[in-house]
Each structure stands twice: as structure tokens, then as C-alpha cells.
Amino acid sequence: MEVVIKRDYGQMSKAAAQLVVDVLNTKPNAVLGMATGSTPLGLYQELVRLHQAGQVDFSRVTTFNLDEYVGLPANHPQSYHYFMHEHFFQHVNIPRHNINIPSGTTSNYPAFCQWYERRIEECGGIDLQILGIGSDGHIAFNEPGSSLSSRTRLKTLSKQTIDDNARFFDAREDVPVYAITMGVGTILDARKLVLVASGKTKAKAIAQAVEGPVTSMVTASALQLHRDASVLVDEEAAAGLTMRDYYEFIYAAKPAAPRA
Ligand code: GLP
């Protein structure tokens with residue numbers, strides 16, 4: 001696992017965006033896995049900026065989002081459909097039919113989940129998956145206890161996640177209790193994983209995910225099983241890491257990515 005420590009949120013977001021651009025430079029029709037939450041916002045802003053400056057083209061890109069709240073229609077301001085449209089899709093040139101987001105309102109979740117998995121496969125698999133991390137160490141909505149080989153399915157949110165996400169809703173009672181989410185196994189199938197984390201509320205989860213044991217109690221620790229996972233953190237999120245000097249030494253010696 002590569003650990004990249006940046007001085008602040010802005011630098012971290014730029015470095016993460018660069019990893020996405022590197023993939024698009026070698027594969028313009030890449031399949032990107034998208035994440036929601038406040039952390040990837042800076043990454044999306046940077047990609048939008050680069051796109052508007054003519055430096056990155058998304059016209060051949062396909063996307064798959066990690067998750068969606070059950071019960072929220074696409075036009076609900078807290079739905080992940082809405083979030084992605086607002087913060088990313090409406091600002092770049094990804095063809096509409098290439099955008100895939102789990103449905104929060106399907107009448108048949110098991111069938112939808114199977115279809116979503118199949119669709120990822122049909123598109124050739126995910127080349128780069130963007131991830132955030134919950135304060136309980138989850139990736140997507142794979143809460144503590146999620147099988148490390150889980151696939152797209154319904155998941156009940158943990159109390160911690162409902163508390164964390166209540167800030168986006170008028171009242172805690174409005175936070176959906178269920179979500180549809182890619183599984184840890186689905187995520188591990190992506191060719192490259194890029195996890196971003198910022199702020200001191202993430203320091204413990206990052207330390208557990210990067211330096212703790214691989215455990216379903218911290219599903220982000222599954223990144224340790226992946227051959228090409230990068231964890232990008234700012235100073236505050238890095239606060240609990242014990243091998244910091246080593247990570248910085250490795251990163252400083254890293255050659256630049258090749259261009260196509
Ligand atoms: C939600 C999402 C996760 C995200 C997490 C952290 O639970 N399902 O994908 O990583 O929130 O969000 P934030 O970046 O706002 O802390």
C-alpha cells in the first residue's frame with residue numbers, strides 16, 4: 001500500500017486528482033469508480049478545473065458509484081445521485097449513458113445488485129476506484145462486520161455512520177437506515193484504489209486501516225490485500241501513523257507516471 005501524506009486538504013485533493021488523470025492519460029476510456037462524502041469534493045473540483053482548462057477529457061469514460069441511500073430518489077438533495085450531478089457530472093463531459101449509480105428506489109434490490117455487478121463486469125471492470133473512509137473505518141457503506149468478500153447488496157448503517165451523516169440532513173431521524181453499496185470484494189476487484197482522508201476525525205480510522213490488522217471490523221483495512229492501493233491523507237488524518245518517515249521516504253523516491 002502506498003501512503004502519501006500531504007500538508008493540507010488542497011494538496012491532498014490535487015495529488016488524488018493527478019492519479020485519476022494519470023489513468024486517463026494511459027487509458028482515455030477508463031472505467032472510474034466514484035465516491036461521495038465531503039472528502040472527495042476537492043478532488044472533483046480539481047478534475048473539473050483541469051477539464052475546463054482543456055487538460056482532461058471524460059468523453060470516453062464510464063463511471064460506477066459506490067453506493068446510494070435506500071429510499072432517496074435521485075432528485076433528493078441528500079441522495080448520492082444529486083451529489084454527483086451537482087459536484088461533478090454536470091461540469092464534465094461524461095456521456096449520460098456511461099454514468100452508473102446504484103438505485104435507491106428500485107422495487108427489487110437483489111435483482112438490481114446482481115445487475116450492477118454484471119454491468120461492472122460487462123464494462124471491463126473498474127480501472128480506478130476513488131474511496132473515502134468513514135470514522136468507523138468503513139469504505140462505501142461497508143460497515144464494521146461486512147465480509148471482506150462481500151458484493152453489491154443492501155446494508156444497514158451503523159449508529160456511528162448515521163450520527164456522522166446527520167449533519168447533511170435536517171434531523172437525525174431523516175438519515176436513511178439502509179444503503180445499497182458495492183461490497184468490499186467488489187471494491188477489491190478494481191485495478192487501482194485511491195483512498196482520500198482529511199482531518200483529525202479520520203486519524204484513528206486511517207491508522208487502523210493502514211497499520212492495523214486486516215479485519216472486517218475496519219473494512220478499509222482490506223486495502224492491505226490490494227496490489228495497487230494508494231492512501232492519500234493530510235497532516236491531521238496522518239496523525240496516528242507510526243511509519244510516517246518511511247512512507248515519505250518512499251514517496252520522495254517515486255518516479256513520475258508515464259504518459260501515453
Ligand atoms: C459515507 C459514504 C462513504 C464516505 C463516508 C465519509 O458514509 N458512504 O463513501 O467515505 O461517508 O464521508 P466524509 O468524506 O464526508 O467524511
Side-chain angles (χ1 to χ4, degrees), residues 13 31-45 47-48 51 58 61-120 123 126 129-136 138-143 146 150-183 186-187 196-199 201-202 219:
S13 301
V31 178
L32 298 180
M34 314 306 282
T36 50
S38 47
T39 315
L41 279 175
L43 187 174
Y44 293 142
Q45 273 163 17
L47 288 177
V48 168
H51 172 69
F58 292 93
V61 164
T62 297
T63 63
F64 285 90
N65 261 81
L66 285 170
D67 47 11
E68 178 58 287
Y69 289 115
V70 165
L72 297 195
N75 62 0
H76 188 289
Q78 296 312 329
S79 76
Y80 288 167
H81 280 76
Y82 191 92
F83 175 101
M84 289 307 300
H85 179 74
E86 278 295 294
H87 297 294
F88 191 55
F89 293 143
Q90 69 166 328
H91 307 291
V92 295
N93 61 337
I94 302 172
R96 219 183 169 72
H97 58 268
N98 285 4
I99 293 173
N100 301 279
I101 307 179
S103 168
T105 54
T106 174
S107 56
N108 187 340
Y109 281 97
F112 183 89
C113 292
Q114 277 183 21
W115 174 83
Y116 203 68
E117 288 278 335
R118 222 171 34 242
R119 186 86 198 112
I120 294 172
C123 292
I126 293 171
Q129 175 67 57
I130 299 165
L131 297 164
I133 186 169
S135 61
D136 64 2
H138 72 224
I139 45 175
F141 271 129
N142 292 289
E143 298 288 28
S146 293
S150 49
R151 312 301 306 188
T152 303
R153 69 212 183 290
L154 282 188
K155 195 73 202 164
T156 307
L157 303 191
S158 70
K159 182 180 170 305
Q160 175 77 60
T161 298
I162 293 175
D163 288 346
D164 287 350
N165 293 358
R167 69 187 192 278
F168 299 114
F169 291 82
D170 291 339
R172 190 181 184 281
E173 300 71 58
D174 296 342
V175 184
V177 175
Y178 302 102
I180 176 169
T181 179
M182 278 189 205
T186 320
I187 292 167
V196 284
S198 159
T201 57
K202 300 293 172 69
T219 51

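Below, all heavy atoms of this structure are taken into account, side chains as well, without hydrogens, waters or symmetry copies.
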Taking side chain as C-beta onward, heavy atoms only, is [X] less than 4.5 Å from [Y]?
X	Y	value
M34	Y80	no
L32	T62	no
V92	V48	yes
P176	L72	yes
L131	V196	no

Apply side-chain contact (heavy atoms from CB on, under 4.5 Å) to [X] and list each qualifying residue two or more places apart in sequence or on a separate chain.
X	result
E117	R151, T152, T186
T156	V177, Y178
P110	N108
S13	Y9

Listed by chain and number, what are the ring pair (Phe, Tyr, Trp, His ring centres under 6.0 Å) partners of F58, not counting sequence neighbours?
-> H51, F88
Closest approach of [X] and [Y], non-hydrogen atoms and distance?
X	Y	answer
S146	R153	OG-NH2, 3.3 Å
F141	A179	CD1-CB, 3.2 Å
P40	G37	CD-O, 3.1 Å
V175	A166	CG2-CA, 3.6 Å

Rounded to the nearest 0.5 Å, how far does [atom2] of [Y] lie from [atom1] of [X]?
X	Y	atom1	atom2	answer
I139	T219	CD1	OG1	5.0 Å
Y44	M84	OH	CE	4.0 Å
R118	Y116	CZ	OH	14.0 Å
E68	S79	CD	OG	5.0 Å
Y109	F112	OH	CZ	9.0 Å
I120	Q129	CD1	CD	8.0 Å

Which pairs with one or both residues in residues 165-175 pass side-chain hydrogen bond (donor to acceptor under 3.5 Å, both in side chains), sequence neighbours excluded?
-> S38-R167, Y69-N165, D163-R172
Which residue pairs pass the side-chain hydrogen bond (donor to acceptor under 3.5 Å, both in side chains) test when at least one of the two sits in residues 82-93, sequence neighbours left out?
-> D57-N93
Holding to side chain to side chain donor-acceptor pair (under 3.5 Å), I want the full list of residues that pass it with [X], two or more places apart in sequence or in another chain.
X	value
Q160	S135, D164
T63	none
S198	D234
N100	none

Are the side chain of [X] and the backbone of [Y] linked by a donor-acceptor contact shorter than 3.5 Å?
X	Y	result
D136	H138	yes
K155	I180	no
E143	S158	yes

Residues in salt bridge (Lys or Arg N to Asp or Glu O under 4.0 Å) with R119, at least two apart?
-> E122
Audit row: F83, L41, side-chain contact (heavy atoms from CB on, under 4.5 Å) steps and yes/no | CA-CA 10 Å; F83 175 101; L41 279 175; 3.6 Å; yes
Which word best sums up how the rings of H76 and F169 line up, parallel for under 30°, tilted for 30 to 60°, or perpendicular for over 60°?
-> tilted
side-chain contact (heavy atoms from CB on, under 4.5 Å) assessment of I126 paired with M182 | CA-CA 12 Å; I126 293 171; M182 278 189 205; 3.7 Å; yes
Could you walk me through whether N142 and S150 pass side-chain contact (heavy atoms from CB on, under 4.5 Å), step by step?
-> CA-CA 9 Å; N142 292 289; S150 49; 3.7 Å; yes
